[in-house]
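Below is one structure, written out as structure tokens; the observations come after it.
Worth saying up front: this structure is predicted, and the values here are computed from it rather than measured.
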Amino acid sequence: MSAFLKRAQPFLDQGVLSWADVHAVDLVSPRFGERDAERMLGLAFAVRAPRTGHAGVDLGAVAKQLDDERLVRGTRFVDDEDDVEPALAESLPWPEAAGWQRRTAESPLVGGPADRDRPFVRQELGDATLLLTRRMFHEQELVADALRGRARALVPPEAQLPDLDATLGRLFPDEPGGESARAVRLAASQRLAIVIGGPGTGKTFSITRLLAALLSDRRAPTGARRGGERPLVIALAAPTGKAAVRMREAIREATAAGATPRLEVDEGVRTVLQTLDSMTLHRLVGVRPDGTTRHGPKHPIPADVIVVDEVSMVDLANMRRLVEAVPAEARLVLLGDRDQLASVEAGCVLADLVGDGASGPLASNVQAFTRSRRFSSAPDVALIAACLQSYATSMRDVPADPAARSPRAVDVFMNRARAEGERCPGERVQWLGAPEPGAYGARPTEAQLDALARPYTHGFDALEAGGKRRLPGYAELLREHQLPSGHYARTLHDPRVQRAILDALDRHRVLAVHRRGPLGVSGVEKALAARVRAFLAERWGAREGQRHWIGRPILITENAYDVKLMNGDVGVVLPTADRIAAVFPDERPGEVRAVDLSRLPPHEGALAMTVHKSQGSQFDRVSLVLAGRASPIQTRELVYTGVTRAKNQLAWLGAEAELRDALDRRVARASGLAALLR
């Protein structure tokens, strides 16, 4: 065994490094005469970095990063098919940090940005040095070059909107100079516009007005260009199928004839907006199985306006694919919330682009939205969200001191007033208590599980300005169609009845931090399914062990274009006129589609899902289940993402100390993109 493999062995044994990380360095080192085991160890961490969400590695900080990732040692959960993630050892044989970083940066395998023949890059970031693979640095370089060039470019005169002030006054009669109008002005005049803000702040609403203005500025109502050229081509995309569907729904809601406020446009323009399609980012650029793309610098996307939603979920590689495929003369509009969870893959692109929203590297191309309309019926949920945001907010009750915002959020979580005699606006936030400790880790109590299941079985009361509105549970609606014999009535075959059940299911969701364990998706899903089946089995007689039981909600986990199902789609197993099938909402209002159970792509139960999976969705009520243990992924961004899925009310399960720890932990990803953009 070589000296390098011996040096790396403890890190391999603990699962910190993979054999792929080590072999990548071991194979290339002889070509450059590198034999120093500690320098090769440092480069193995640079290879590892993208696998853990980072573009590169700062060797001076990597040991602390691993400390942050350390999980409770030796914990195992009973009644669960999987163990928790492998725990890290209490100590590893680290080289001395400062000397290790300096020596590794001097390796013959490492060069500066201009040394194209070296497989690793040394990028100086002020007081820190980032070590990256050449590929990851090149990804950053391509994104930065493309966006810098686009940020400086105005829309050509022939594509500009004439009399923009009058157009904005017509589209926004109440606030012609407000945030929404400024976002449209930005996107109308520049080839790059980045619109950021929390859920419900009006990002998609504003861009809908932009599209309406661009389509209206044509002689033909269908958007034909002046001079008889081809119609205006608009492309809409999002990172996931679920987010793409939600984007399309939001545009149709905002442009419907009965929408409030009404969009005053030619009916031909309204028809175009109502029929716009959206797709995943992978489909937009045409990603092939080998990673190449149909569209790129030589074959750009055939569109004049490209709008991408949920950009916080876009990783570095996919952003590079996108910016390379956008035509030089097209408008590119990016929408997102930088405080949500970052992409699963490497990079924190949106955060790198916008900084704090006011002083980022592309500040002149950014419009931040500060007022949320999603939480109009839930001021306390809105207050939590505003306290956890990193940029300015117009909400009055948010403390001016950033250090006081997390404690204020905790007060609302706990329904606790800040001062004696103050009314805490916690009517729509329910604390379900802390989990009970056990020999094998924390687990929810039976009462807590009953509380999580009840909105599915018995519904809940939505709180509105005028009082309460009863929202039935989906299983409650399902049981209305049972016969005394235990069979189901033919009325359940009615698509309108099935759609009502699907809509009821979509009003509530249980979100968990982890996939495994009693407080993870697997444990909570199992417990909730048992309760829902027991509720139905009073007459249904559901058989134990039956996978696809009538009433089971399912979550699609892979795109399947042959049956038009996307990752994130949710349906319910229901009887139809000729078979038991999985029934999903159709794009047409009030309609459903049935998919044979044998044709379903990979899927799982949908009573509980991870917070990551919930991005791009919204529910009237959200029940958030914290991890109940030390977790590197339970961060401020994760809590914020979970909270902001709720439109009306929030329930949460966890300990106050655990919540405080989560709000103090921020996602910190090593990236050099912001530096390159500057």
Side-chain angles (χ1 to χ4, degrees), residues 1-69 88-89 91-144 316-317 320 345-347 668-676:
M1 182 182 288
S2 70
F4 168 48
L5 294 181
K6 289 180 181 178
R7 188 69 179 86
Q9 193 64 55
F11 298 89
L12 290 166
D13 291 342
Q14 293 298 328
V16 174
L17 292 175
S18 72
W19 280 107
D21 303 330
V22 171
H23 283 315
V25 177
D26 197 38
L27 287 172
V28 74
S29 293
R31 292 175 49 200
F32 292 84
E34 177 59 270
R35 296 183 179 84
D36 186 295
E38 290 198 347
R39 292 200 300 208
M40 294 168 71
L41 179 66
L43 297 178
F45 274 94
V47 176
R48 171 190 185 266
R51 193 161 48 81
T52 56
H54 304 280
V57 64
D58 176 0
L59 292 180
V62 68
K64 184 181 184 306
Q65 287 174 357
L66 286 175
D67 280 340
D68 292 341
E69 294 174 9
L88 298 179
S91 62
L92 286 165
W94 298 101
E96 186 273 321
W100 186 31
Q101 173 144 312
R102 176 182 49 78
R103 291 195 310 276
T104 305
E106 294 170 351
S107 169
L109 281 78
V110 179
D115 298 322
R116 303 287 175 179
D117 60 330
R118 308 296 177 89
F120 293 90
V121 177
R122 177 180 59 250
Q123 185 180 7
E124 302 297 339
L125 302 174
D127 296 334
T129 298
L130 196 64
L131 289 173
L132 311 90
T133 63
R134 173 63 60 180
R135 182 182 70 82
M136 290 306 298
F137 182 79
H138 191 48
E139 297 272 19
Q140 290 188 155
E141 232 180 359
L142 291 170
V143 170
L316 185 60
R320 187 264 304 163
E345 304 298 330
R669 289 192 170 179
S671 170
L673 177 58
L676 291 174

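- Surrounding CZ of Arg35 are at most 12 heavy atoms belonging to other residues, nucleotides or ligands under 6.0 Å away.
- In this structure, the side chains of Phe120 and Leu132 stay at 4.5 Å or more apart for every pair of heavy atoms.
- Distance CD/Glu139 to CG/Leu673: 11.0 Å, rounded to 0.5 Å.
- The structure places CZ of Arg39 at 12.0 Å from CG of Leu131, a figure rounded to the nearest 0.5 Å.
- Across all their heavy atoms, Leu125 and Ala675 have their closest contact at CD2-CB, 3.5 Å.
- Atoms OG1 and CZ, from Thr133 and Arg135 in turn, are 5.5 Å apart once rounded to the nearest 0.5 Å.
- Between Glu34 and Ser107 the shortest heavy-atom distance is OE2-OG, 2.6 Å.
- Not one N or O on the side chain of Arg669 forms a donor-acceptor pair closer than 3.5 Å with the backbone of Ala55.
- The only member of Leu43, Asp36, Leu109 that meets side chain to side chain contact (heavy atoms under 4.5 Å, CB included) when paired with Ser29 is Leu109.
- In this structure, Arg118 contributes its side chain and Val110 its backbone to a donor-acceptor pair below 3.5 Å.
- Using cut-offs of 30° and 60° for the angle between ring planes, the Trp94 and Phe45 rings count as tilted.
- A donor-acceptor distance shorter than 3.5 angstrom exists from the side chain of Arg122 to the backbone of Ala105, with no hydrogens or angles considered.
- Nearest heavy atom pair, residue Val57 against residue Ala49, reads N-CB, 4.2 Å.
- Heavy atoms only, all atoms of each residue included: Ala44 and Asp21 are closest at O-CB, 3.8 Å.
- Shortest non-hydrogen contact noted between Leu17 and Arg48 is CD2-CD, 3.8 Å.
- In the displayed structure, Asp117 atom CG is contacted under 6.0 Å by more than 12 heavy atoms of other residues, nucleotides or ligands.
- Arg31 CZ: 12 or fewer foreign heavy atoms inside a 6.0 Å radius.
- With rounding to the nearest 0.5 angstrom, the CD atom of Glu106 is 9.0 Å from the CZ atom of Arg103.
- Put simply, the side chain of Pro95 reaches to within 4.5 Å of the side chain of Arg7, judged on heavy atoms.
- A heavy-atom distance below 4.5 Å is not found between the side chains of Phe137 and Leu130.
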**Message:** Between Trp100 and Leu41, does the side-chain contact (heavy atoms from CB on, under 4.5 Å) criterion hold? Intermediate values first, please.
**Reply:** CA-CA 9 Å; Trp100 186 31; Leu41 179 66; 4.0 Å; yes
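- Considering every non-hydrogen atom in both Gly60 and Gln101, the closest pair reads N-OE1, 2.8 Å.
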